[in-house]
Amino acid sequence: MLQIFCPHCGELRAEEEFHAAGQAHIPRPLDPNACTDQEWGDYLFFRDNPRGLHHELWIHAAGCRQYFNATRDTISYEIFETYKIGEKPSVTAKPKAAAPGEQA
Amino acid sequence: MTAINVYQQRPEGGKAESPLFHAGLADAAGKGKATAGIQLRERKLLGHLTIRGDGHDAAFAGAVHKATGLELPGALTLVSSGESSLQWMGPDEWLLVVPGGTEFEAEKKLREALDGQHIQVVNVSGGQTILELTGSKVRELLMKSTSYDVHPKNFPVGKAVGTVFAKSQLVIRHTAEDTWELLIRRSFSDYFWLWLQDASQEYGLAVKA
Amino acid sequence: MQRYSGFGLFKHSLSHNENWQRMWRNPTPKPVYDVIIVGGGGHGLATAYYLAKVHGITNVAVVEKGWLGGGNTARNTTIVRSNYLWDESAQLYEHAMKLWEGLSQDINYNVMFSPRGVYNLCHTLQDMRDSERRVSANRLNGIDGELLDAKQTAAEIPYLDCSKNTRYPVMGATVQRRGGVARHDAVAWGYARAADALGVDLIQQTEVIGFRKENGVVIGVETSKGFIGGKRVGVVTAGNSGHMAKLAGFRLPLESHPLQALVSEPIKPIIDSVIMSNAVHGYISQSDKGDLVIGAGIDGYVGYGQRGSYPTIEHTLQAIVEMFPVLSRVRMNRQWGGIVDTSPDACPIISKTPVPNLFFNCGWGTGGFKATPGSGHVFAASLATGEMHPLAKPFAMDRFHSGALIDEHGAAAVAH
Amino acid sequence: MSQINRLSNGGRINRNQPLTFTFNGTTYQGFAGDTLAAALLANGVDIIGRSFKYSRPRGIVAAGAEEPNAVLQIGSREATQIPNVRATQQALYSGLVATSTNGWPSVNNDIMGILGKVGGDMMAPGFYYKTFMYPQSMWMTYEKYIRKAAGLGRAPKENDPDRYDHMNQHCDVLVVGGGAAGLAAALAAGRAGARVILADEQEEFGGQLLDSRESLDGRPAADWVAKAVAELKAMPEVLLLPRATVNGYHDHNFLTIHERRFDHLGEVAPMGEARQRMHRVRAKRVVLATGAHERPLVYGNNDVPGNMLAGAVSTYIRRYGVAPGKQLVLSTTNDFAYRVALDWLEAGLKVVAIADARGNPRGAWVEEARAKGIRLLTGSAVIETRGSKRVSAARIAAIDPVGHKVTSPGEWLECDTVATSGGYSPVVHLASHLGGKPTWREDLLAFVPGEGFQQRVCAGAVNGVFQLGDVLADGFEAGVKAAGEVGFAPVSGEVPSVAARSEDASIALFQVPHEKSTARGPKQFVDLQNDVTSAGIELATREGFESVEHVKRYTALGFGTDQGKLGNINGLAIAARSLGISITQMGTTMFRPNYTPVTFGSVAGRNCGALFDPVRYTALHAWHLAQGAEFEDVGQWKRPWYFPKNGEDLHAAVARECKAVRDSVGLLDASTLGKIDIQGPDAREFLNRVYTNAWTKLDVGKARYGLMCKEDGMVFDDGVTACLADNHFLMTTTTGGAARVMQWLEIYHQTEWPDLKVYFTSVTDHWATMTLSGPNSRKLLAEVTDIDLDRDGFPFMTWKEGLVGGVPARVFRISFTGELSYEINVQADYAMGVLEKIVAAGKAYNLTPYGTETMHVLRAEKGFIIVGQDTDGSVTPDDLNMGWCVGRTKPFSWIGWRGMNREDCVRENRKQLVGLKPVDPNVVLPEGAQLVFDTKQQIPMAMVGHVTSSYYSASLGYSFALAMVKGGLKRMGEKVFAPLADGRFVEAEICSSVFFDPKGEQQNV
């Protein structure tokens, strides 16, 4: 069970208090009507799904009910930072060498 | 105040049933063992107001203070004065608890003080209730129920947190050394009551009036 | 290929089993293949087998970064059924089901396909409506299915708590009696052995690290052991599909999530069929060894760790004890996770890609194992001809742009 | 009842407290402090069970968690049966009833055993993959017999009377294992002031110190254990958990500890107590002091009862005062195992010989053994043993230095016990749960923990540190380090002194050679529980299974309840040798939770039955109960489904309720609908963006129905929203969608449009909602309210404030039944009082409570949809024929608009919501039934839609349905058919989805 630092409550909390809400930083197109079906489909469904560093959206559902972003390694599950909506991530490359443990 | 619809929602007199009315707490009161590790009391029919606004705005904090006499608390804290308390619920949300029947006055005062600001005040008195737990085993009971750390080092008096509890959610408020409060939603109150009875079996549970 | 039979077993026992042959070779890669399959799981191996068997294309390599059948093939709860709602998916899964029914004989390897019946429990009125809808659709698609009431359900599933004491009382169930379980490892090994016998090269411990293109057209794969040429390349890498797509230069409408499962210690048979419940969120069967095989939920975040969140395991066992209170004293032996590539409509993607001659078969999410033979069969046909097999066509990637989704979240069992 | 193997003195048992128990129906006696295994051995019980595949007799091998054979059924009555209890981990209690799990008619005389002997070679690994295939139809028959042999113990057939619970723990340092290293670490961390948990799986702390030959501070090691435990107990921030196994190490230093609180006292817990407790621990640091498991040697017939781990024999002698035999042969590769010979001798029994695989061992204990005159055969090993139900002799022979060949014929020595030790495997299980790969250390001949996303320190044997003095030092250091890393400076305290003991290096030996090839020699068991032999492993590699996972899966090595604690290292060493690769290249299989198995009950905790999922009730629930309501689960809510009277069934009750609403007035508890209070100057703009229809012109005092879609254009919720004031709205959502909608509003507000000035607060629980519906609702309401209900003054789709039953209320004149309706909202605390007044006044109007079923019928008669029943996430507003609810010209591209204009969403011939009238007015179409146009077609039939809602309407006098039909809106008057399971076709006519009062006059009266 992960432990996640809520940037609003200012504390580490258990994963059970949160819900993951997918990849972060996917803004709604400003003019959806100008999007082609291709572009709209990309917005709706196509994701980076990276093996490694991932910026993702979470909500502190049982706590302050705020959405925020997290930078997490999808292999080690290490969380490098959490930050408020509107802020930019400060970790954009893996701080250390690829970790073990992915294989069966 | 035409922009917002505000009115007295509580009748004068009339039959009132708190969320745990049908649990028969009144009948059970005083009948438990004096040695019970957990004592439970429903702090019922209080006035609950949700206040939303910009916590970073000094004008907002000042107006809330003016209207309530309470300093706007920061993250995870609870301030109280007499029968009233003000609790941080989120970066733009607070809960004001006042004696039952005074919430309409309190709301009017708040709206007056906050006039011109973008805020929300909502009477939620009918939707929630507070369970007060005291006794030597309360911490153990809480540990059975929530993954939040209730050790006094982490959860001193005056702290209040929204967290998971059993298979639902609520707010835990630490109000005195051996006294904790659970702020619960009306529709979940029977579930929590059942849970608390079950989880406190080994410690003994006594209901207080 | 050394043929397997009861008599053979006896014969070999006389020579103390010293003369069994290798099940597959350990070949050195050729410079170029007609078809390269990336991913040596059940789907990839089945694809290779059907390419050779049905289409006569034997100059085929399966490139696997670890060991054969070592991904989700080795980690699933082995359920086989075809009772899907929509025509497109029902036909695809039923195609697989028909192949399951003769698979052991076809590949001369006992995959222990055991049609002991798959029950989906209903706990709400809406469950009952949805079940009627699905069973009705199944029947008209030629797929067996029955809707049982609470009494029949109780009679058919011993020890299931059908009383009113449960939080969500059982109101009924659907059953697909042709559904059941198979031995997951055996499926991979059986296909591998059969494909190898037809000349397919199974190249293990070799990771694909890139796709080589010429004029935008794929001409082979870069691997940890060097370049391997291929006229067509089919990628069947489940949870790692997103990563493969990235190497090929495009994105997929997929997220890879941890999906957990667990087994109990072996106990004497008590659960004779497969029982699944959407509403209370758990499913269970019992292996021939006596282990209760239990599927847990999917975690809500992207995860490649082959492990998931502990609360998910808790919820699952709560559901199992809720359904079968007699099991509360049984012990959980082992838990683990797979990486499932979930698509927005809970249906697979069997598709051409923006890169000519590069094909993807992915997005099976939680439903991959049951489709193994069918998936391999239609993907082989597509790779053989360069045109998508008719059953695969509705599963092309462009549906996520046009909006022609095939929403199987309801039928994909435990609400993932 | 004589305990023939009980020594006359020694052990940590209480000889003054005899306990009686039964095994396989025979009554025995043991002592308090015994494990069940110790008591069985004390009583000379050799055969404890039969092996899984070959049904060979098996006895107790080990003394702890690694025991593969002594897996028993416990329980004196049905409901409290416990399957698969390791006798080595079960404390003896008075009245314990244990039985073997296999063997027929008994473990001593087992029929299957004969089959195992003759057919053994036919059951090599993978044999089932190679047969039972023909004919295809026979597999299920074969499998029936295969399943007969499945499983060890059995689940009870009655429900468990016990409770289980969880305890959430947080600590600075969790110390796993209470042996020498763990105690030292806990002391160091505790002294520093850290919050410490020390957990150990055994009955008491101390681990190997409890049966050690070595002394601490010049006194028996156990004395120091008592002192250390006393010191820890006195520390307020230290929690000691004996009988508590750390079974899983999860992400972010979350671990679970399975505590068996009453298993040592009986098969059921005392009233009110949880039998077992799962501690869910978040530890800032973990000290793994999990020790090591002794590795047995693999030699011919090494499974015959009497073959045991060397250390286990010592444990039984020193800790339990039990010698499991009379004549001992020891086969070892290391010094440490010599203690068993010395212990055995001190117990007054005969040590026949020691075979040491090393050429010239000279350690202290070796010399002591020599000095005591024990026969020592160096460069030798036990090659095989003899005996059917108990070892009767062992053959010791010389082997070459690498252990590949037998170099002398050796000699058969009579004995009844063969103790072996092939070295010690650190217990790396927990250290590897997050995927960390253990590392092979050739100097130790052992895997030690690798890296692995864990904030932990390893100490003692798990760390590859074996000498007692070093172990203690390592433990103290680990405790200091762990506490130090989280901010606690070390505080000095007593550290015991240990006399150094000289020890020679051990030698690598896994599979002992035999003159015959592995396949032809006597069976050498690697994994006892699964009957995996070295020949089987060699066969697997011969057949091409080269990865360690393949070998495991093909042979079932390590699949048992012991998860390969005993056999895995030997197995992979044999596979590596067979493949000609190193052990490092071979690697280990994945370690996954659990370290040892845990009950489903303890994982589930008390979240079962009534506590399985929260139940939500409305403020009026007690009244519904008093009216005899049947309830429907809607999300977590219990909603009244119908109110049967005088034994009515659903249909009769619903017909009566419907009629009452249409004829007079009915009452529905609508409190479960989601309600969201929305305030702010941009509230209206926000509504414009999240609803499909337009909200700009909704006046204060009015209400409007709205649809919500996701970005894909598919309907996902609906409800009525009222304008309470210019900047103030009250939104209602579906019952099941309330939380979802709230979160959806928040995500758009917080992430996309934070600039919009609006706040949302859920008031679902604050308001109780009573709906009065029917032609007499106005008259009835008028009797209890001061609100002017004038038809024009309080028109349809408006709301008013006033008193109802003396309580301030908001009354909405909206309708979901098509009848004149009022929704009365009052603060929930006062709802019951209001209800009672309405009911009292309602007597004159035959006021009838109705439930969700009647509501569904009435709304369907009006063609009103229920999201989630008539929609399934693939339906646009146009598909629902609700294009009137789509603001096509709204300036902002609201949520759903772009999605519903994608290619596939605007194509012709989509499925559309229509009404259906069965040709036979008495036949009710099944909800969910699929529809076809042509009954003549063969299967597979072309399905054109399905029935979403279907009822018999008492007021209309015929059955009707709502359905999604391909191009349905253009097919009015055409026929569709529902093919039923029994072969019938129900014919129905496609019609408008509005059956009742199409002009909407009733609700406007």
Side-chain angles (χ1 to χ4, degrees), chain C residues 4-6 9-10 13 16-18 20 22-24 67 70 102 104-105 109-110 114 124-126 129 132-133 136-137 140-142 165 167-168 185-186 265-270 288-290 305 310 314 317-318 320-322 325-336 402-404 407, chain D residues 82-84 121-122 124 127-133 136 143 146-147 150-157 159-160 250 519-520 539 542-544 547 549-550 553 561 592-593 597-601 603-604 607-608 612-613 633 873-874 902-905 926-930 939-941 943 946 979:
Chain C
Y4 290 160
S5 67
L9 211 59
F10 174 68
S13 79
H16 303 276
N17 295 307
E18 283 174 331
W20 289 106
R22 287 185 68 94
M23 287 197 190
W24 48 78
W67 36 284
S104 295
Q105 294 72 33
Y109 202 87
N110 191 353
S114 174
T124 65
L125 294 170
Q126 190 58 39
R129 289 180 201 111
E132 171 69 44
R133 181 181 175 191
S136 169
L140 301 186
N141 268 323
N165 302 329
R167 175 65 184 83
Y168 296 104
D185 290 329
E265 295 183 316
I267 55 170
K268 300 275 188 283
I270 182 167
D288 285 351
K289 218 175 134 273
Y310 181 69
E314 291 179 309
L317 284 180
Q318 285 157 12
I320 296 302
V321 174
E322 180 75 355
V326 296
L327 297 181
S328 102
R329 291 180 165 235
V330 174
R331 291 191 194 78
M332 159 167 68
N333 200 15
R334 187 176 167 90
Q335 65 179 82
W336 66 90
S402 71
D407 195 332
Chain D
I82 313 171
N84 300 356
D121 275 340
M122 280 193 67
F127 77 97
Y128 30 79
Y129 303 129
K130 297 171 181 167
T131 183
F132 302 130
M133 281 179 277
Q136 188 182 325
E143 196 184 30
I146 292 173
R147 279 173 92 84
L152 295 167
R154 66 177 182 85
K157 294 190 168 71
N159 293 355
D160 193 343
H250 302 268
R520 289 169 188 263
L539 170 63
R542 202 155 55 237
E543 291 193 86
S547 118
E549 286 285 351
H550 272 168
R553 285 157 182 276
T561 59
R592 295 292 191 192
V598 297
T599 55
F600 287 10
V603 178
N607 307 289
C608 297
F612 172 69
D613 200 40
D633 287 302
S874 70
R902 287 174 299 164
E903 180 191 329
D904 190 69
C905 302
E927 287 177 340
Q930 296 285 339
I939 286 198
M941 293 180 113
M943 287 169 260
H946 76 285

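Letters A, B, ... mirror the listed sequences (proteins, then strands); counts begin at 1. Since the structure is predicted, the reported quantities are computational estimates derived from the model, not experimental observations.
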Participant: For chain C, which of D:His250, D:Glu927, D:Met133, D:Lys157 has the most heavy-atom pairs under 4.5 Å?
Facilitator: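 The candidate making the most pairs under 4.5 Å is D:Met133.
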Participant: When only pairs under 4.5 Å are counted, which of C:Pro269, C:Ser5, C:Ser114, C:Gly142 shares the most heavy-atom pairs with chain D?
Facilitator: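 Looking at each of C:Pro269, C:Ser5, C:Ser114, C:Gly142 in turn, C:Ser114 comes out on top.
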Participant: Examine distances only and state if a side-chain atom of D:Gln930 and a backbone atom of C:Arg133 form a donor-acceptor pair shorter than 3.5 Å.
Facilitator: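 Yes: the side chain of D:Gln930 pairs with the backbone of C:Arg133.
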Participant: Could you list the residues that satisfy side chain to side chain donor-acceptor pair (under 3.5 Å) with C:Arg331, not counting sequence neighbours?
Facilitator: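 For C:Arg331 the side chain to side chain donor-acceptor pair (under 3.5 Å) partners, ignoring immediate neighbours, are C:Glu265.
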Participant: Is D:Leu539 in contact with chain C via its backbone, its side chain, both, or neither, using a 4.5 Å heavy-atom distance?
Facilitator: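 Answer is side chain: those atoms of D:Leu539 sit under 4.5 Å from chain C.
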Participant: Which label fits C:Tyr4 and C:Trp20: parallel for a plane angle under 30°, tilted from 30 to 60°, or perpendicular past 60°?
Facilitator: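 Perpendicular: the ring planes of C:Tyr4 and C:Trp20 meet at over 60°.
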Participant: Do you know the tightest heavy-atom contact between C:Val321 and D:Ala604?
Facilitator: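 C:Val321 and D:Ala604 have their closest heavy atoms at CG2-CB, 4.4 Å.
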Participant: If you measure from the Lys or Arg side-chain nitrogens to the Asp or Glu carboxylate oxygens, is any gap between C:Glu18 and D:Arg520 under 4.0 Å?
Facilitator: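 So C:Glu18 pairs with D:Arg520 through a salt bridge.
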Participant: Under 3.5 Å, is there a donor-acceptor pair between the side chain of D:Asn84 and the main chain of D:Gly153?
Facilitator: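 Checking the backbone N and O of D:Gly153 against the side chain of D:Asn84, a donor-acceptor pair under 3.5 Å is found.
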Participant: Considering only heavy atoms and a distance below 4.5 Å, find which of D:Ser874, D:Pro83, D:Cys608 pairs most often with chain C.
Facilitator: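 Most heavy-atom pairs under 4.5 Å with chain C: D:Pro83.
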Participant: Looking at C:Val326, C:Asn141, C:Asn333, which has the largest count of heavy-atom pairs under 4.5 Å with chain D?
Facilitator: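 Max contact count across the listed options: C:Asn333.
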Participant: Is C:Asp185 close to chain D through its backbone or its side chain, or both, or neither, when contacts mean heavy atoms under 4.5 Å?
Facilitator: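 When you check distances to chain D, only side chain atoms of C:Asp185 fall under 4.5 Å.
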Participant: Between D:Cys905, D:Pro593, D:Gly544, which has the largest tally of heavy atom pairs under 4.5 Å with chain C?
Facilitator: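 If we count pairs closer than 4.5 Å to chain C, D:Pro593 comes out on top.
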Participant: Quick one: what part of C:Thr124 sits under 4.5 Å from any heavy atom of chain D, side chain, backbone, both or neither?
Facilitator: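 For C:Thr124, the contact with chain D is made by the side chain alone.
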Participant: Is chain D contacted by the side chain of C:Leu9, its backbone, both, or neither, given a heavy-atom distance below 4.5 Å?
Facilitator: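 For C:Leu9, backbone and side chain are both near chain D.
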Participant: Among the options C:Glu132, C:Gln318, C:Arg334, C:Arg329, pick out the one with the most heavy-atom pairs lying under 4.5 Å from chain D.
Facilitator: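 That would be C:Arg329.
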Participant: Based on non-hydrogen pairs under 4.5 Å, which of C:Ala137, C:Ala186, C:Gly6, C:Ser104 is most in contact with chain D?
Facilitator: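 The option with the most such pairs is C:Ala137.
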Participant: Name the region of D:Thr561, side chain, backbone, both or neither, that has any atom closer than 4.5 Å to a heavy atom of chain C.
Facilitator: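 For D:Thr561, the contact with chain C is made by backbone and side chain together.
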Participant: Could you tell me whether a side-chain N or O of D:Arg542 sits under 3.5 Å from a main-chain N or O of C:Asn17, the two making a donor and an acceptor?
Facilitator: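 Yes, the answer is positive, given that a donor and an acceptor are paired below the 3.5 Å cut-off.
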Participant: Heavy-atom distance under 4.5 Å to chain C: side chain of D:Gln136, backbone, both or neither?
Facilitator: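 Contact with chain C involves both backbone and side-chain atoms of D:Gln136.
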Participant: Is the closest side-chain heavy-atom distance between C:Leu327 and D:Asp160 below 4.5 Å?
Facilitator: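 A side-chain contact under 4.5 Å is absent here.
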Participant: Would you say D:Val603 and C:Tyr310 make side-chain contact, with heavy atoms under 4.5 Å?
Facilitator: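 Counting from C-beta outward, D:Val603 and C:Tyr310 do come under 4.5 Å.
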Participant: So for C:Gln105, is it side chain, backbone, both, or neither that comes closer than 4.5 Å to the heavy atoms of chain D?
Facilitator: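 Both parts, heavy atoms under 4.5 Å.
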